Amino acid sequence: MWKGNCPAGDQEAAIEGPGGELGGPGNWGLEDAPGLLARASLPVMLPWPLPLASSALTLLLGALTSLFLWYCYRLGSQDIQALGAGSQAGGVSGGPRGCPEVGRPGPRSPGEPGEGPRAEGLVSRRLRAYARRYSWAGMGRVRRAAQGGPGPGGGPGVLGIQRPGLLFLPDLPSAPFVPRDAQRHDVELLESSFPAILRDFGAVSWDFSGTTPLPRGWSPPLAPGCYQLLLYQAGRCQPSNCRRCPGAYRALRGLRSFMSANTFGNAGFSVLLPGAQLEGRCGPTNARVRCHLGVKIPSGCELVVGGEPQCWAEGHCLLVDDSFLYTVAHNGSPEDGPRVVFIVDLWHPNVAGAERQALDFVFAPDP
């Protein structure tokens with residue numbers, strides 16, 4: 001029996017007891033009770049409990065995950081509030097003069113590609129819904145655009161000549177004319193489709209005299225002497241016009257960067273009669289590039305974007321950033337006939353895929 005200060009080996013033997021392992025069967029009597037009590041008071045050195053360490057690590061990871069989710073929620077809430085404030089201050093229908101050459105006519109922006117979400121705060125709700133369904137990953141520029149409003153820092157654009165009426169996406173390369181190589185595939189496809197597009201225009205053309213009712217499919221004039229026939233209007237396909245222009249529609253279906261799923265996107269024929277002019281116009285966003293395919297280009301036609309003059313050529317494309325102020329004029333004589341271009345809205349080549357998906361979601365056409 002264990003007594004007093006015995007060596008460690010004796011303690012181990014005493015713990016094991018005559019019956020073997022601790023708790024095993026043995027011949028114990030009442031006279032052994034004091035020894036059993038002494039053994040119970042011995043310090044037992046156990047190894048580090050691994051299950052306890054695993055539980056602590058799990059709790060720590062859970063706390064860090066909760067903290068990260070809370071931070072993301074707070075960040076998204078601040079962005080939503082900023083976007084809502086910008087929508088209330090500037091409206092969601094664009095700037096005071098946002099009106100490109102092709103699109104939906106309206107009192108504020110004649111010819112603009114739709115007017116986006118109309119109800120106040122609708123943009124904020126759609127952006128919040130997008131964040132819940134997907135995430136804010138890769139959306140830094142979109143958040144900054146929501147906070148800053150139109151133009152860098154909420155003000156006018158580069159040198160005051162870039163003034164998108166609705167959405168300015170920061171850090172995009174800014175130039176009035178975009179190099180052809182930026183959208184090489186789509187440019188080459190449209191130019192190779194020029195004969196079919198020219199035939200389609202011949203099938204839907206009329207005298208543009210203004211003395212007869214508008215033929216089927218043609219929109220009311222955006223300005224005196226400016227007519228359009230749209231295959232896509234504000235992100236919506238126009239089935240009857242697409243059926244009447246099969247070659248142009250086939251070309252649109254083959255484009256890789258056609259902005260066809262939101263209200264910034266249009267495609268169709270733009271006609272400018274001699275003497276007509278569109279001056280001091282500006283598009284709604286710098287996230288798109290307008291591709292002009294020359295169909296019929298008489299002499300005396302002029303396009304000035306951001307102070308830089310250019311001229312169309314039949315069968316060739318020009319890529320224009322219409323968030324810059326631009327002027328279109330036909331200074332030819334009546335005998336020259338109308339200027340005709342086929343205009344397609346493409347994504348700016350530097351807008352990332354995640355940003356395109358978010359903008360398509362937020363500015364989706366109304367059902």
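Treat the numbers as computed from the prediction; the structure is a model and nothing was measured. Each residue takes its place number in the sequence, starting with 1.
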(request) Could I get the full list of side chain to side chain donor-acceptor pair (under 3.5 Å) partners for Gln310, not counting sequence neighbours? (result) none

(message) Between Arg288 and Asp321, does any NZ, NE, NH1 or NH2 come within less than 4.0 Å of an OD or OE carboxylate oxygen?
(response) no

(message) Return the CG to CG distance between Leu169 and Leu359, rounded to the nearest 0.5 Å.
(response) 6.5 Å

(request) Following the transitive rule for hydrophobic clusters with a side-chain heavy-atom cut-off under 4.5 Å over Ile, Leu, Val, Met, Phe, Trp and Tyr, establish whether Val340 and Leu198 coincide in one cluster. (result) yes

(request) Working to the nearest 0.5 Å, report the span between CZ of Phe342 and OG of Ser193. (result) 9.0 Å

(request) Please find out if less than 6.0 Å separates the ring center of Trp347 from that of Phe264. (result) no

(request) Indicate the ring-plane relationship of Phe201 and Phe269, choosing parallel, tilted or perpendicular according to the 30° and 60° boundaries. (result) tilted

(request) Give, for atom SG of Cys317 and atom CD of Glu191, the distance between the pair rounded to the nearest 0.5 Å. (result) 4.5 Å

(request) Give a yes or no on whether a salt bridge exists between Glu314 and Lys296, defined as a side-chain N under 4.0 angstrom from a carboxylate O. (result) no

(message) Parallel, tilted or perpendicular: which one describes the rings of Phe208 and Trp218, with boundaries at 30° and 60°?
(response) perpendicular

(message) Treating His348 as the side-chain partner and Pro173 as the backbone partner, does any N or O pair qualify as donor plus acceptor under 3.5 Å?
(response) yes

(request) State which residues pass side-chain contact (heavy atoms from CB on, under 4.5 Å) with Arg216; sequence neighbours excluded, sorted by chain then number. (result) Ser240, Arg244

